[in-house]
Amino acid sequence: MVLRSNSAAYSFIRLQLGIRISPFSASFHSQSSPKPFIVTNLNDALKVFDEMSQAHPLPSVVEFTQLLNDITKMKHFSSSIRLFNRMCALGVPVNEYTMSIVINCCCHLHRSNDAFAVLGSCFKRDIVPNTAIFNTLLNGLVVEGRIREAERLLVKVITNKLCEPNVVMYSTMIKGLCKTRDYVQAVGLLKLMDKSGCKPNVVAYSTVIDSMCKHKMIDDAFKIYKEMVFQKGIPPDAVTYNSLIPGLCKVGRSKEASKMLKEMSDDQKMSPNVKTFTILVDALCKEGKLEEAEAVIKSMPERDILPNIVTYNSLINGYCLQGEMSKARTDFDSLASRCLIPNVVTYNTLLKGYCNESKIDEAMHIFNEITERGLEPDVVTYTTMLQGLFRGKRCEDAKELFLIMKETGCSPNDTTYNVLLHGCLKNQQYDDVKMLLVEMDERGYLLWASNLSLLQSRIAAKILDESLFELICKLEPENSVNASCLDT
DNA sequence: CTAGGGTTAG
């Protein structure tokens, strides 16, 4: 149970802050007044603040707080906090609303400790924190992964009646519990809300559903979904579907995903968009169901949704995976007539397709086309091309390209190094192995399992020197991924 | 002022 009874009244906040809690202090009611200034950037805002702070008499707390709110909305959280401190120094009688903005800023900066310090000064100033303030604090802890502390805070809020917890507060706690995969407690809290009269809504349920979908617990997710819809009568919304559809795709159940997407499309209140459809198209392509993927794309305009370049990248990738390069090429060539501009991912996809077919000259052609079209080859482009060159046994070209890559300022990453290492080992380019291992070690990159076994076998066969073992051990291969796909 | 979601390539 989350809400075990706890008699250590007040202790959590008091201990944490060293402050006295006065829940019965009078609340401050500010009057609203028109906005004095309109600011759109930080510099203007800071100028306005300077003017305000030099005015006689000093503008009211309401005006200062509105300015603070504007700066916070521009996401200049640190500046807001600085100005708040200056307000306090000026003697502006800050109120509950000012405090909530500052606490919000601290939490956005992942500094809940500072947020609690602000809460402490609320109590000192006899400002009663409201539910929104406690929700923000709770969320701050959850965002920082301090789930146990978040739980304790919630318990204190309830047992000490610091504020009336609402559905937002419970949902925030549920998010935290899901984060640690504590679904027993997360679901328990849903039930407890029900009993306590604070009925869980679609957000509370969808939080749990989404987390389960992300962790491939699709059956559990549907159990909660059914409970929500059929037992509680809460209809799903677009967010619920956007969790369940990718969740089904992720576990290879694209048929059900496509049924669900149709269900979603039939609902007038729901609006699946191009991303929702692209998830399904991509899943179908990866399962090799290209005709179905094409059908989904064809059906999109009927729903006033136009496939974009990302949708077509998935389709092109699907054909590349099936080895149907001519179809991939046809779709690629048709992009212009659909008013779509290929991006670097499009080219990388085709490049990989040609490399997999060992059509290195075609791949080279695509590679050159990237720059001709005014795009920049990225680390994926270079890595794919390097892999293709090694596959075509063009080791000298590969080494040359690696140099060009570095010269143009494109930093190789761990995949690049593993691809190079694999290529060298498979092509008997043993002179380069040590240099690559040293550079990987310098950058802290991990060794793929496939490369580890290649290295071990070469050492066992006395082709490579035993002294490399020490270096290999430092690359922590036990944590690395299996890249046996390279051997195809 | 506070809680949940979604796309492509090595």
A:Tyr417: what forms a side chain to side chain donor-acceptor pair (under 3.5 Å) with it, not counting sequence neighbours?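 Checked A:Tyr417 against side chain to side chain donor-acceptor pair (under 3.5 Å); matches are A:Glu439, A:Arg443.
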
Checking salt bridge (Lys or Arg N to Asp or Glu O under 4.0 Å) for the pair A:Glu357/A:Arg391: CA distance, chi angles, key distance, verdict? CA-CA 10 Å; A:Glu357 301 269 287; A:Arg391 197 184 293 257; over 6 Å; no

Per [X] side chain, nearest of listed nucleotides [options]:
X: A:Val310; options: B:dT8, B:dG5, B:dA3; value: B:dT8
X: A:Val380; options: B:dT8, B:dG10, B:dT7; value: B:dG10
X: A:Thr383; options: B:dT8, B:dG10, B:dA3; value: B:dG10
X: A:Thr207; options: B:dT2, B:dG10, B:dG4; value: B:dG4
X: A:Ser171; options: B:dG4, B:dA3, B:dC1; value: B:dA3
X: A:Thr416; options: B:dA3, B:dG10, B:dT8; value: B:dG10
X: A:Asn201; options: B:dC1, B:dG10, B:dA3; value: B:dA3
X: A:Tyr97; options: B:dG4, B:dC1, B:dT2; value: B:dC1
X: A:Val345; options: B:dT7, B:dA3, B:dA9; value: B:dA9

Nucleotide [N], atom [atom2] - distance to [atom1] of [X] in whole Å:
X: A:Glu376; N: B:dG10; atom1: CD; atom2: P; value: 20 Å
X: A:Asn139; N: B:dC1; atom1: CG; atom2: C1'; value: 12 Å
X: A:His422; N: B:dG10; atom1: NE2; atom2: P; value: 16 Å
X: A:Leu141; N: B:dT2; atom1: CG; atom2: P; value: 17 Å
X: A:Leu177; N: B:dA3; atom1: CG; atom2: P; value: 17 Å
X: A:Gln387; N: B:dG10; atom1: CD; atom2: P; value: 9 Å
X: A:Leu190; N: B:dG4; atom1: CG; atom2: P; value: 15 Å
X: A:Ile297; N: B:dT8; atom1: CD1; atom2: P; value: 14 Å

Hey, does [X] reach any base, or is it just sugar-phosphate, or nothing, if we go heavy atoms under 4.0 Å?
X: A:Lys250; answer: nothing
X: A:Ser206; answer: base
X: A:Thr276; answer: base
X: A:Ser314; answer: sugar-phosphate
X: A:Thr240; answer: base
X: A:Val202; answer: base
X: A:Ser100; answer: base
X: A:Thr346; answer: nothing
X: A:Ile279; answer: sugar-phosphate
X: A:Val379; answer: base

By salt bridge (Lys or Arg N to Asp or Glu O under 4.0 Å), which residues pair with A:Lys223, not counting sequence neighbours? none

[X] vs [N]: side-chain N/O to OP1/OP2 distance below 4.0 Å:
X: A:Asn317; N: B:dA9; answer: yes
X: A:Asn348; N: B:dG10; answer: no
X: A:Lys214; N: B:dG4; answer: no
X: A:Lys175; N: B:dG4; answer: yes

Under 4.0 Å between a side-chain nitrogen and a carboxylate oxygen: does that hold for A:Asp331 and A:Lys327? no

Using a strict threshold of under 4.0 Å (side-chain N to carboxylate O), is an ion pair present between A:Arg253 and A:Glu256? yes

Is a donor-acceptor pair below 3.5 Å formed from side chain [X] to base [N], judging by atom type as modelled?
X: A:Asn413; N: B:dG10; answer: yes
X: A:Thr384; N: B:dG10; answer: no
X: A:Asp378; N: B:dG10; answer: no

Consider only side-chain N and O atoms of A:Asp282 and A:Asn317, and report whether a donor and an acceptor are under 3.5 Å apart.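 Side-chain D/A pair, A:Asp282 to A:Asn317: absent.
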
Does any donor atom in the side chain of A:Tyr319 or A:Arg329 lie under 3.5 Å from an acceptor atom in the other side chain? no

Could you check A:Glu149 against A:Arg146 for salt bridge (Lys or Arg N to Asp or Glu O under 4.0 Å), going step by step and ending with a plain yes or no? CA-CA 6 Å; A:Glu149 289 162 88; A:Arg146 295 161 64 174; 2.8 Å; yes

